[in-house]
Amino acid sequence: MSDKIIIFDTTLRDGEQSPGATMNQREKVRMARQLDALGVDVIEAGFPAASQGDFEAVQAIAAAAPNCQIAGLCRAIPADIDRAWEAVKGAKHPRIHTFLATSPLHMEHKLRMSPDKVLEMAVAAVKRAASYTANVEFSAEDASRSERGFLAKVFSAVIKAGATTVNVPDTVGYAQPGEFGELIAWLLEHVEDSHKAVFSVHCHNDLGLGVANTLAALKAGARQAEVTVSGIGERAGNASLEELVMNLYTRQSYYDLDCGVRTEQLFPTCRLLSMIIGQPIPPYKAITGANAFAHESGIHQDGVLKDRRTYEIMTPESVGRTETELVLGKHSGRHALGKKLESLNYRLDEKQVAVVFEAVKELADKKAKVYDEDLEALVLEKVYKMDDCYRLKSLSVLCGDHGVPPTAAVVMNVCALEEGAREVKQAAFGNGPVDAIFNAVNAIVGRTPVLKRYSVNAITGGSDAQGEVTVRIEDKGLSSVGRGSHPDIVFASALAYLTALNRLVRKEEEGA
Ligand code: KIV
Ligand code: ZN
């Protein structure tokens with residue numbers, strides 16, 4: 001029988017540290033439900049000691065994903081460990097994940113601690129965590145640049161202290177596959193009682209080797225892989241969940257390893273993340289990119305028509321890429337919509353379904369076919385958004401060759417949350433329609449953030465597709481991302497800009 005690999009997803013912790021990938025609590029909970037449906041074994045839900053927001057999000061995720069273990073990350077210090085436990089203890093299967101750096105560089109220059117002190121702290125941290133739960137993970141940060149002998153000593157000691165998982169992070173993405181696999185094999189041989197703990201790896205992608213290094217480690221005997229959806233994460237990101245899983249699945253006979261992931265949920269999961277963080281999946285991205293299963297050259301097309309296996313090593317269906325035309329149109333009933341939402345893993349109450357129903361009807365007036373992707377965009381926009389300070393009421397734009405510069409007139413509710421929200425109107429010129437809208441909004445909100453990124457993407461095919469606009473803005477050292485979708489891309493731009501502004505306001509309030 002093949003060994004089973006534990007899939008540890010850290011999208012909501014390491015992934016969320018990626019620039020522009022911040023999620024609000026409702027979005028994190030939605031993502032956690034999808035990860036649960038995907039079949040990952042462990043969800044690292046956050047870093048509870050980092051902020052009150054993180055703490056509450058971990059608690060909420062713990063309640064939302066009943067089939068997964070829920071891990072909370074903490075430094076190897078008592079206050080952090082206690083806080084992590086408080087956050088995860090409500091989960092059915094809680095895990096405390098504590099970490100401390102073990103490389104000479106980190107110990108000397110970052111921690112300013114001797115190796116003996118690091119060893120002592122690691123053991124004390126694991127003992128404290130083990131006093132709360134038998135499910136304790138210890139990570140030796142920057143393990144791939146640590147001295148092997150010391151690493152083995154630390155792992156031997158923490159296993160004795162109660163760690164049930166020991167993680168070998170390639171924190172800076174420095175390792176090479178052969179070397180990393182060899183390190184795992186060496187550790188399994190030299191760590192005392194290595195059979196008493198699961199050996200895990202956590203690979204960053206700075207040299208583009210995150211997945212390759214993870215696979216080499218699994219081949220050498222590691223049995224937990226720490227990954228993120230679409231590979232999001234610090235700097236160049238982490239090993240990508242979908243690529244790792246499809247390697248194991250497509251090359252089963254080579255790896256002889258199994259995992260519990262439902263591969264047909266991979267594409268929906270990546271798409272959901274992309275919608276939540278407002279970052280489109282690049283067309284050339286393995287497994288999930290628009291081109292990943294497209295055959296352009298004549299020779300390839302000919303081969304595929306004769307037998308798909310000539311140029312296709314996996315089917316689009318196996319990763320959940322199917323035509324998802326929704327049979328709901330403007331004449332469909334609320335009950336059918338409720339059923340459809342359930343099949344997409346949304347658990348909404350009647351009031352929320354009613355809100356989405358109205359939005360679907362409105363969209364169906366503008367667009368002939370409504371797809372699952374459209375529905376997901378509507379749910380995220382109408383249900384999962386936090387209460388906003390700024391809301392768009394109406395918009396009119398004049399552009400083209402009228403002898404006047406592009407002009408936008410915007411009507412907005414300001415401080416929509418408070419009693420007596422003000423309705424404000426403003427018109428402005430710009431270089432183009434989008435610039436004119438942003439200028440009008442800036443005049444209303446009294447700030448001029450720098451627009452760092454603006455992108456438009458069609459959510460589905462067809463010229464009547466909804467446009468999905470993503471913007472990234474920066475003001476006074478803080479940045480935020482917003483996305484908006486609408487059949488009219490100019491309108492979508494206004495929605496995206498307001499979402500980014502609302503997030504910026506929230507960040508300022510939270511003191512982030
Ligand atoms: O990259 C890293 O070393 C980490 C640890 C906290 C596991 O994210
Ligand atoms: Zn990491």
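Worth saying up front: this structure is predicted, and the values here are computed from it rather than measured. As the structure lists them, so they are numbered: ligands from 1, and atoms in each ligand from 1.
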(message) I'd like to check which ligand 1 atoms, numbered from 1 as shown, lie under 4.0 Å from a non-hydrogen atom of His204.
(response) 1 (O)
(request) Ignoring angles and geometry beyond distance, decide whether Thr171 reaches within less than 3.5 Å of ligand 1 through its nitrogen or oxygen atoms. (result) yes
(message) Closer than 2.8 Å to the Zn ion (ligand 2): how many protein N, O or S atoms are there?
(response) 3
(request) Say whether His97, considering both its backbone and side-chain N or O atoms, lies within less than 3.5 Å of an N or O atom on ligand 1. (result) no
(request) Quick one: closest heavy-atom pair of Asp36 and Cys68, and the distance? (result) OD1-SG, 3.1 Å
(request) Measure from NZ or CZ of Arg30 to the centre of the six-membered ring of Tyr346, then state whether that distance is under 6.0 Å and the direction lies within 45° of the axis. (result) yes
(request) With heavy atoms only and a cut-off of under 4.0 Å, state how His106 meets ligand 1: side chain, backbone, both or neither. (result) neither
(request) Classify the ring geometry between Phe138 and Phe155 as parallel (under 30°), tilted (30 to 60°) or perpendicular (over 60°). (result) perpendicular
(message) I need the atoms of ligand 1 closer than 4.0 Å to a non-hydrogen atom of Asp14, numbered in the order shown.
(response) 8 (O)
(message) Are the side chains of Thr165 and Phe8 in contact, using a 4.5 Å heavy-atom criterion?
(response) no
(message) Pair Cys259, Val245 - check side chain to side chain contact (heavy atoms under 4.5 Å, CB included), show working.
(response) CA-CA 8 Å; Cys259 71; Val245 167; 4.2 Å; yes
(request) List every atom of ligand 1 that sits less than 4.0 Å from any heavy atom of Glu141, numbering the atoms from 1 in the order shown and giving each element. (result) 3 (O)
(request) Compute the minimum heavy-atom distance from Arg13 to ligand 1 and say whether it is under 4.0 Å. (result) yes
(request) Identify, for atom 7 (C) of ligand 1, the protein heavy atom at the shortest distance, and state residue, atom and that distance. (result) Ser139 OG, 3.7 Å
(message) Please list the nearest protein heavy atom to atom 4 (C) of ligand 1 with its residue and the distance rounded to 0.1 Å.
(response) His202 NE2, 3.4 Å
(request) Find out whether the Lys NZ or Arg CZ of Arg83 is both under 6.0 angstrom from the six-membered ring centre of Phe55 and within 45° of the ring's axis. (result) yes
(request) Can you sort out the partners of Glu474 under side chain to side chain donor-acceptor pair (under 3.5 Å), two or more places apart, ordered by chain and number? (result) none
(message) Taking side chain to side chain donor-acceptor pair (under 3.5 Å) as the definition, give me every residue that meets it alongside Arg148, ordered by chain and number, with sequence neighbours left out.
(response) Glu182
(message) Holding to side chain to side chain donor-acceptor pair (under 3.5 Å), I want the full list of residues that pass it with Ser144, two or more places apart in sequence or in another chain.
(response) Asp170
(message) As a test of understanding, state which of Asp258, Asp41, Asp256 forms a salt bridge (charged side-chain N to carboxylate O under 4.0 Å, His left out) with Lys4.
(response) Asp41
